[in-house]
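Read through the structure below, which is laid out as structure tokens, and then see the notes.
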Amino acid sequence: MLQLSFIRENKEMVIEKLAIKNFDATELINSVIELDELRRSTQKQLDDLLAKSNQLAKEIGYLFKAGDRAAAEKIKQESGELKKTAKELESQLNETINSLNSKLIEIPNVPHQSVPKGITETDNELMHKEGELPEMPDGSLPHWDLATKYKIIDFDLGSKVTGAGFPFYRGKGARLQRALINFFLDEALEAGYLEYQPPLLINEDSGYGTGQLPDKEGQMYVVGEDNLFLIPTAEVPITNIYRNNILNVKDLPIKNVAYSNCFRREAGSYGKDVRGLNRLHQFDKVEIVQIAHPDHSYQILEEMKDYVAGLLRKLKLPFRIVKLCGGDLSFTAALTYDFEVYSAAQKRWLEVSSVSNFENFQANRMKLRFRDEVSKTQLAHTLNGSALALPRIVAALLENNQHENGISIPEVLKTYTGFNQIDCE
RNA sequence: GGAGAGGUGGGUGAGUGGCUGAAACCACCGGUUUGCUAAACCGGCAUACCUUUAACCGGGUAUCGGGGGUUCGAAUCCCCCCCUCUCCGCCA
């Protein structure tokens, strides 16, 4: 959520920048500013009224003490009248605040100045490309066929027990999952992140804080009985640790890492692009989150980008980094780098990580502040990135490393897997 | 799930209807004193919004788990919800 004062002071600029996200905010911004003016004048009236009635209440107290009952009763009446008006004003004020807020949360974050214009992912800006695209011999298979051939992932069994998009990992497949999780966590610890193991369900306030609610509840699994939501990413519980907090400037940046299962309904996506591991309802991900001083958040974003690149380099996967264009940028992000690995058998790039700076957009929603050098409170910046999401990494590893007799494991993972290759049982 | 006890500022904790935005202590910050450190002493120390200001300062309102209510007036009384603790039940 953008700050009201920011909108008020930068109206034209906000509208202009949101156009890069292909969002016409003119009407919303105008009505927000209008509602804000109404809110302020209503509050002024109400505050003045309450000030008066507080004063009267005090007088009544003194009069009672002095034993002047008659005078007290007289003021009491006056005070009663004030109260009626105050009630009306209060409900007016609440109404205004509510409609103000509901408009305010419809306004997306403004993109960073470097974000390119564009509508779809084809307009994203290629930043970096690394690694040789492997030449696959004839007869090389996509990962879903490899998974069956080596009995390491069972999609059908998942369908039977749960439904599509909930695979079983089996034998070396399961151990590969565990190896990747541990590898990613260890790397993050090395890079100075603090490990958390978060709850997999979150409440409404948390969903609101990071921006999943109120709009995207359709993308989350809901436990209606208890009004809880299964997390779509560890970003949600980890960032919400700091909801309603005032941090000390000395504590910044905060660097957290968490492994979690992630649950996404992915309503409305079907077809070839979502086959196998390409899109799941439940998957594993290691997520890095940072809470940063506004002056340093973009430098930190670059560091996070380099960190994720390092992981892919160690896994020897060919990858590229794109900067998302305005149209592809999420509602909450100001700047996002997507990482894509090349999947040799599918002959396409698969998104494996998204590293974003949200500036103070999430922080404003969840009231995440810090006390700065001159001990004023201001909103912090939040950032996060996948480091990494497993399924598509696994897909690429299986496809790119296959040979006649099996699938070889990258060097860095061998101590984690305890085996050098996946082959027929 | 049942019964009981609680939830007050960064922490401990006082406060059962008005002079309490909240005692006291600790922590923290500034100062005095002081070979250094420590101690002692003095002062400061919540958040949000409105208003005022170039800014600081100032004035106002709200906030004692959350929401609603009673009252001229609520941390204090009433109702609902959430959370914590103890006991019982169930259970990995």
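The structure presented is a predicted model; accordingly, all values stated were derived computationally and were not measured. So you know, we letter chains A, B, ... as the sequences are listed, proteins then strands, and number each from 1.
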Problem - Separation of the P atoms in B:rA27 and B:rC85, to the nearest angstrom - result: 28 Å
Practice task
Pick the C1' atom in B:rC29 and in B:rU20, then give their distance to the nearest Å.
Solution key: 25 Å
Exercise for the section: Could you check how far CG of A:Asn364 sits from P of B:rA48, rounded to whole Å? Expected result: 12 Å
Problem - A:Asn109 backbone acceptor or donor facing A:Lys21 side chain under 3.5 Å - result: yes
Practice task
Can you tell me the distance, in whole Å, between the CD atom of A:Gln45 and the P atom of B:rA62?
Solution key: 16 Å
Exercise for the section: May I ask you to say what A:Leu82 touches in the nucleic acid, namely base, sugar-phosphate or nothing, with a heavy-atom cut-off under 4.0 Å? Expected result: nothing
Problem - P spacing across the pair B:rU51 / B:rA3, given as an integer number of angstrom - result: 50 Å
Fill in the blank from the handout: Taking for A:Gly80 and for A:Asp47 the nucleotide of RNA chain B with the nearest heavy atom, the one nearer the 5' end belongs to A:Asp47
Problem - Toward the 5' end of RNA chain B, by each residue's nearest nucleotide, A:Lys376 or A:Asp48 - result: A:Lys376
Problem - A:Arg371 (side chain) donor-acceptor with A:Ile246 (main chain) under 3.5 angstrom - result: no
Fill in the blank from the handout: From CG of A:Leu50 across to P of B:rG60 the rounded distance in Å is 13 Å
Problem - Nearest-nucleotide pick for A:Lys44, side chain only, options being B:rU47, B:rU51, B:rC49 - result: B:rU51
Exercise for the section: Can you tell me, in whole Å, how much space there is between the P of B:rG7 and that of B:rC26? Expected result: 24 Å
Handout entry: Paired nucleotide for B:rA75 [Watson-Crick or G-U wobble; both distances under 3.5 Å]
Key = none
Problem - OP1 or OP2 of B:rC49 under 4.0 Å from side-chain N/O of A:Arg40 - result: no
Problem - Qualifying residue for side-chain contact (heavy atoms from CB on, under 4.5 Å) with A:Phe184, from A:Val257, A:Leu189, A:Leu390 - result: A:Leu390
Exercise for the section: Counting Watson-Crick and G-U wobble pairs only, both distances under 3.5 Å, name the nucleotide matched with B:rA38, or none. Expected result: none
Handout entry: Aromatic A:Phe419 / basic A:Lys172 pairing, under 6.0 angstrom, 45° off normal
Key = yes
Handout entry: Distance below 4.0 Å between A:Thr377 side-chain N/O and B:rA46 OP1 or OP2
Key = no
Problem - A:Arg371 side chain near B:rA46 phosphate (N/O to OP1/OP2, under 4.0 Å) - result: no
Practice task
Kindly point out which of B:rG60, B:rU47, B:rC50 is positioned nearest to the side chain of A:Arg8?
Solution key: B:rC50
Handout entry: Spacing of the P atoms in B:rA14 and B:rA92 (rounded, Å)
Key = 41 Å
Handout entry: Out of B:rA62, B:rC72, B:rU47, whichever nucleotide has its closest atom nearest the side chain of A:Arg369
Key = B:rU47
Problem - Pairwise distance CZ(A:Phe23) to CG(A:Leu329) - rounded to 0.5 angstrom - result: 13.5 Å
Practice task
Determine whether the side chains of A:Asp156 and A:Ser159 contain a donor N or O and an acceptor N or O closer than 3.5 Å.
Solution key: no
Practice task
May I ask which nucleotide in the shown strands pairs with B:rU70, Watson-Crick or G-U wobble, both distances under 3.5 Å?
Solution key: none
Exercise for the section: Name the pairing partner of B:rG9, where a pair is Watson-Crick or G-U wobble with both distances under 3.5 Å, or state none. Expected result: none
Completion exercise
As its Watson-Crick or G-U partner within any shown strand, both distances under 3.5 Å, B:rG4 has B:rC85
Fill in the blank from the handout: When both distances are under 3.5 Å in a Watson-Crick or G-U wobble arrangement, the nucleotide paired with B:rA46 is B:rU63
Exercise for the section: Establish, from distance only, whether the side-chain atoms of A:Gln290 and A:Tyr193 form a donor-acceptor pair under 3.5 Å. Expected result: yes
Problem - Nearest-Å distance for atom pair CD/C1', residues A:Gln77 and B:rG73 - result: 16 Å
Exercise for the section: For A:Lys367, answer base if it contacts any base atom (sugar-phosphate contacts may also be present), sugar-phosphate if it contacts only those atoms, and nothing otherwise; contact means non-hydrogen atoms under 4.0 Å. Expected result: nothing
Handout entry: Selected nucleotide, minimal atom distance to A:Ile60 side chain, candidates B:rG60, B:rG18, B:rA62
Key = B:rG18
Exercise for the section: Specify the separation, in whole Å, of atom NZ of A:Lys76 and atom P of B:rC72. Expected result: 6 Å
Problem - Rounded C1' spacing from B:rG35 to B:rG30 in Å - result: 24 Å
Handout entry: d(CG, A:Leu56; P, B:rC72) in whole Å
Key = 13 Å
Practice task
Between B:rA38 and B:rC28, how far apart are the P atoms? Round to whole Å, please.
Solution key: 11 Å
Handout entry: Between C1' of B:rC50 and CG of A:Asn94, the distance in whole Å
Key = 15 Å
Exercise for the section: State whether A:Asn54 places a side-chain N or O below 4.0 Å from either non-bridging phosphate oxygen (OP1 or OP2) of B:rG73. Expected result: no
Exercise for the section: Please report, rounded to the nearest Å, how far the P atom of B:rG65 is from the CG atom of A:Asn244. Expected result: 15 Å
Handout entry: Rounded distance [0.5 Å steps], OG in A:Ser79 versus NZ in A:Lys52
Key = 10.0 Å
Fill in the blank from the handout: Ranking B:rC49, B:rG69, B:rU61 by distance to the side chain of A:Lys87, first place goes to B:rG69
Problem - Paired nucleotide for B:rA14 [Watson-Crick or G-U wobble; both distances under 3.5 Å] - result: none
Problem - Pairwise C1' distance, B:rG69 and B:rC57 [rounded to whole Å] - result: 39 Å
